[in-house]
Amino acid sequence: MSSQAIALVDCNNFYVSCERLFQPWLENRPVVVLSNNDGCVVARSQEVRALGVKMAAPWFQLKALARQHGIIAFSSNYTLYADISNRVMNVLASFSPQQEIYSIDECFLDLSGFKHIQFSDYGQRIRATIKQWIGLPVCVGIGASKTLAKLANHVAKKRPEYVGVCDFTNLPVAVRETLLAQIDVREVWGVGARTAEHLSRMGIVSALDLQRAAPKIIRAQFGVVLERTVAELNGEACLALEMITPPRQQIMVSRSFGSAVYTLESLQQAMTAYVTRAAEKLRRQASLAGALQVFIRTSPFKTDAAQYQRGLVVPLASPTEDTRQLVSAAQAGLQQIYRPGFAYQKVGVVLTGLIPMAQRPRTLFDDPVAQARSNALMSTVDSINAKMGSHSVRLLGEGWDKNWRMRRERVSQHYTTQLDEIAIVHAQ
DNA sequence: TCTGGGGTCCTAGGACCC
DNA sequence: TCTGGGGTCCTAGGACCC
């Protein structure tokens, strides 16, 4: 019996479940949530999966199917989902002192010290609590490593006989291996389409095949990352629980436009908005950017239109977290790569060369007064926007008309974060 | 109007410099 | 004149995840 026990708790079709929370009539109906710009399907209810709709399927291609089966679609309402996510994570934190919030809808919990508890009972308690307190369905997988916990969660989701909880640490080896033999290797965390294809040429098609693969050969063909996955499948925990998110090494913000954009002015406005958002993320993780990269591109899908795409790295004189400096550097870069006459579909910015604020380099030309003013301004702006809603205070460069903004035609209300849209309860 | 997401990390190759 | 290694930066693209 291994010493480690890690649980992965994952919300079922999270975005769809959030919408159902406030619109119970959506239960048992086919529901999808669309990506930004109402472009692709990013969350599907069980009923929609049963219709064969794939993750990331373009929505416009599904219109006929949607009409035929009455699929109900929502634009993504990230404000709502983030708020519900925080509530779920807070409750889950009470089930273990060690929690890693891995994404908006899933977290790892370290259960290693829990000697006198039946993990599957504990998993059921987690499920019942989240259902009762928040109203969302979740599944729980438990394994000796993160990768095994992920796979156990997959079993908990796919096989009704497990009733939403699967504990690999307490299954007879033969049973577990039978399960792994029935799981496509593509379902293993870290194995994507390309790797799966390569693996299948080597005769490795199931999760069990990968577990039994020779680590040396895997390393030679795919590198250390997949070698680690093999070790993890064998119960050797290589990936530590990260209770504190390590700072990102790059921060990107980009969006597709609701409709094509032609003018430099509109691109500049969008760029200002995206750099502003990137700078907020930068300050939140207490980093400075040493350089930034701007890019623009036309739509690769419009093959009959003239194509253009270009990126450019703009070094910063000294690493900074000041929105104004980042915006002006980005605008200088954008000016250089912009070419008139193209139908632009997207612009974006990537902040790179990130270092911790605590390591701000000192130079002969430092201006402590200006630095103090910048810090005061940025933290004031951040706290106002945190309190009053993002973009309450913003640079004029974002413009007013925003003809570049994304399409969101089917967005639900901000039930929990905006007083005038709050959920209303009717008495019978 | 006219529809195709957003984000992180890594690597390869070329340019340039020492 | 030709040859060489190594490092860094930029750019583009791959792979993966949600």
Side-chain angles (χ1 to χ4, degrees), chain A residues 8 10-16 32-44 54-64 66 73 75-76 78 81-82 85 101-107 146-147 150 153 185-199 222-226 228-229 239 245-261 274 277-278 281 285 290-295 297-303 305 309-316 333 336-337 343 345-354 403-410:
Chain A
L8 177 73
D10 189 324
C11 301
N12 303 357
N13 3 328
F14 180 60
Y15 298 166
V16 169
V32 295
V33 174
L34 305 176
S35 66
N36 277 334
N37 233 7
D38 294 347
C40 299
V41 171
V42 292
R44 305 156 292 161
K54 296 259 160 52
M55 180 68 171
W59 172 236
F60 79 96
Q61 288 178 354
L62 297 172
K63 284 285 169 69
S75 301
S76 35
Y78 287 113
Y81 310 149
S85 174
I101 299 174
Y102 175 68
S103 74
I104 194 164
D105 71 332
E106 58 191 300
C107 77
K146 284 179 163 182
T147 305
K150 276 264 195 186
N153 189 282
V185 71
R186 177 73 178 76
E187 302 297 335
V188 175
W189 194 31
V191 177
R194 295 302 292 266
T195 305
E197 196 186 317
H198 187 168
L199 284 170
F222 301 91
V224 285
V225 177
L226 199 65
R228 214 175 286 147
T229 300
L239 304 171
T245 315
R248 300 269 165 252
Q249 292 172 32
Q250 54 173 241
I251 293 171
M252 169 159 98
V253 176
S254 76
R255 297 280 180 277
S256 298
F257 300 124
S259 53
V261 162
Y274 303 163
R277 177 77 192 108
K281 291 189 190 181
Q285 70 165 31
L292 58 78
Q293 183 183 357
V294 294
F295 64 89
R297 68 158 214 225
T298 54
S299 171
F301 296 105
K302 294 191 172 158
T303 45
Q309 76 173 82
R310 188 129 185 242
L312 181 70
V313 171
V314 186
L316 293 155
Q336 281 190 57
I337 59 178
Q345 182 234 358
K346 182 182 254 197
V347 304
V349 63
V350 187
L351 304 182
T352 57
L354 306 191
N403 59 13
W404 44 269
R405 75 180 176 282
M406 59 194 187
R407 214 189 334 270
R408 291 177 86 200
E409 290 171 350
R410 303 151 174 278

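By convention in this document, chain letters (A, B, ...) are assigned in the order of the sequence lines, proteins followed by strands, and residues within each chain are numbered from 1.
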Indicate yes or no for a side-chain donor-acceptor contact from [X] to the backbone of [Y] under 3.5 Å, with no hydrogens or angles considered.
X	Y	result
A:Ser299	A:Gln345	no
A:Thr147	A:Thr229	no
A:Gln336	A:Leu312	no
A:Arg408	A:Ser76	yes
A:Asn153	A:Leu8	yes
A:Asp105	A:Ser85	no

Rounded off to whole Å, could you give me the [atom1]-to-[atom2] distance for the [X] and [N] pair?
X	N	atom1	atom2	answer
A:Leu34	B:dG6	CG	C1'	14 Å
A:Met252	C:dG14	CE	P	15 Å
A:Phe257	B:dG6	CZ	P	10 Å
A:Leu351	B:dG6	CG	C1'	15 Å
A:Asp105	C:dC17	CG	C1'	11 Å
A:Tyr274	B:dG7	OH	C1'	15 Å
A:Arg194	C:dA15	CZ	P	4 Å
A:Arg186	C:dA15	CZ	C1'	10 Å

Base, sugar-phosphate, or nothing for [X], non-hydrogen atoms under 4.0 angstrom?
X	answer
A:Gln293	nothing
A:Trp189	sugar-phosphate
A:Leu312	sugar-phosphate
A:Val225	nothing
A:Phe14	nothing
A:Ile251	sugar-phosphate
A:Ser259	nothing
A:Gln250	base
A:Ala43	nothing
A:Val42	nothing

B:dC2 and C:dC18, which share atom name C1', separated by this distance in whole Å: 28 Å

Which atom of A:Arg410 lies closest to which atom of A:Asp38, heavy atoms considered: N-OD2, 4.2 Å

Which of the following nucleotides, [options], is nearest to the side chain of [X]?
X	options	value
A:Lys281	B:dT8, C:dC18, B:dT3	B:dT8
A:Asn36	B:dG5, B:dG7, C:dA15	B:dG5
A:Gln61	B:dG5, C:dC18, B:dG4	B:dG4
A:Phe301	B:dC10, C:dC10, B:dG4	B:dG4
A:Glu106	B:dT8, C:dC18, C:dC10	C:dC18
A:Gln345	C:dC18, B:dG5, C:dC10	B:dG5
A:Pro58	C:dC10, B:dG4, B:dG6	B:dG4

Is [X] near enough to [N] that one of its side-chain N or O atoms lies under 4.0 angstrom from OP1 or OP2?
X	N	value
A:Lys150	C:dC18	yes
A:Gln309	C:dT11	no
A:Lys346	B:dG6	yes
A:Arg310	C:dA12	no

Do other residues, nucleotides or ligands put more than 12 heavy atoms under 6.0 Å from the NZ atom of A:Lys281?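 More than 12 heavy atoms, drawn from other residues, nucleotides or ligands, come within 6.0 Å of this atom.
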
Paired stretches of DNA chain B - 3 or more consecutive Watson-Crick or G-U pairs, each distance under 3.5 Å: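 As far as DNA chain B goes, consecutive pairing (with distances under 3.5 Å) yields the stems B:5-18 with C:5-18.
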
Toward the 5' end of DNA chain B, by each residue's nearest nucleotide, A:Ser256 or A:Asp38: A:Asp38

How do A:Ser254 and A:Lys63 order along DNA chain B: which one's closest nucleotide is nearer the 5' end?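 Between the two, 5'-proximity favours A:Lys63.
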
Go through the steps for A:Phe295 and A:Val350 under the test side chain to side chain contact (heavy atoms under 4.5 Å, CB included), then give the verdict. CA-CA 9 Å; A:Phe295 64 89; A:Val350 187; 4.1 Å; yes

Please state whether the rings of A:Tyr78 and A:Tyr15 are parallel, tilted or perpendicular, taking 30° and 60° as the class boundaries.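 Aromatic pair A:Tyr78/A:Tyr15 classed perpendicular.
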
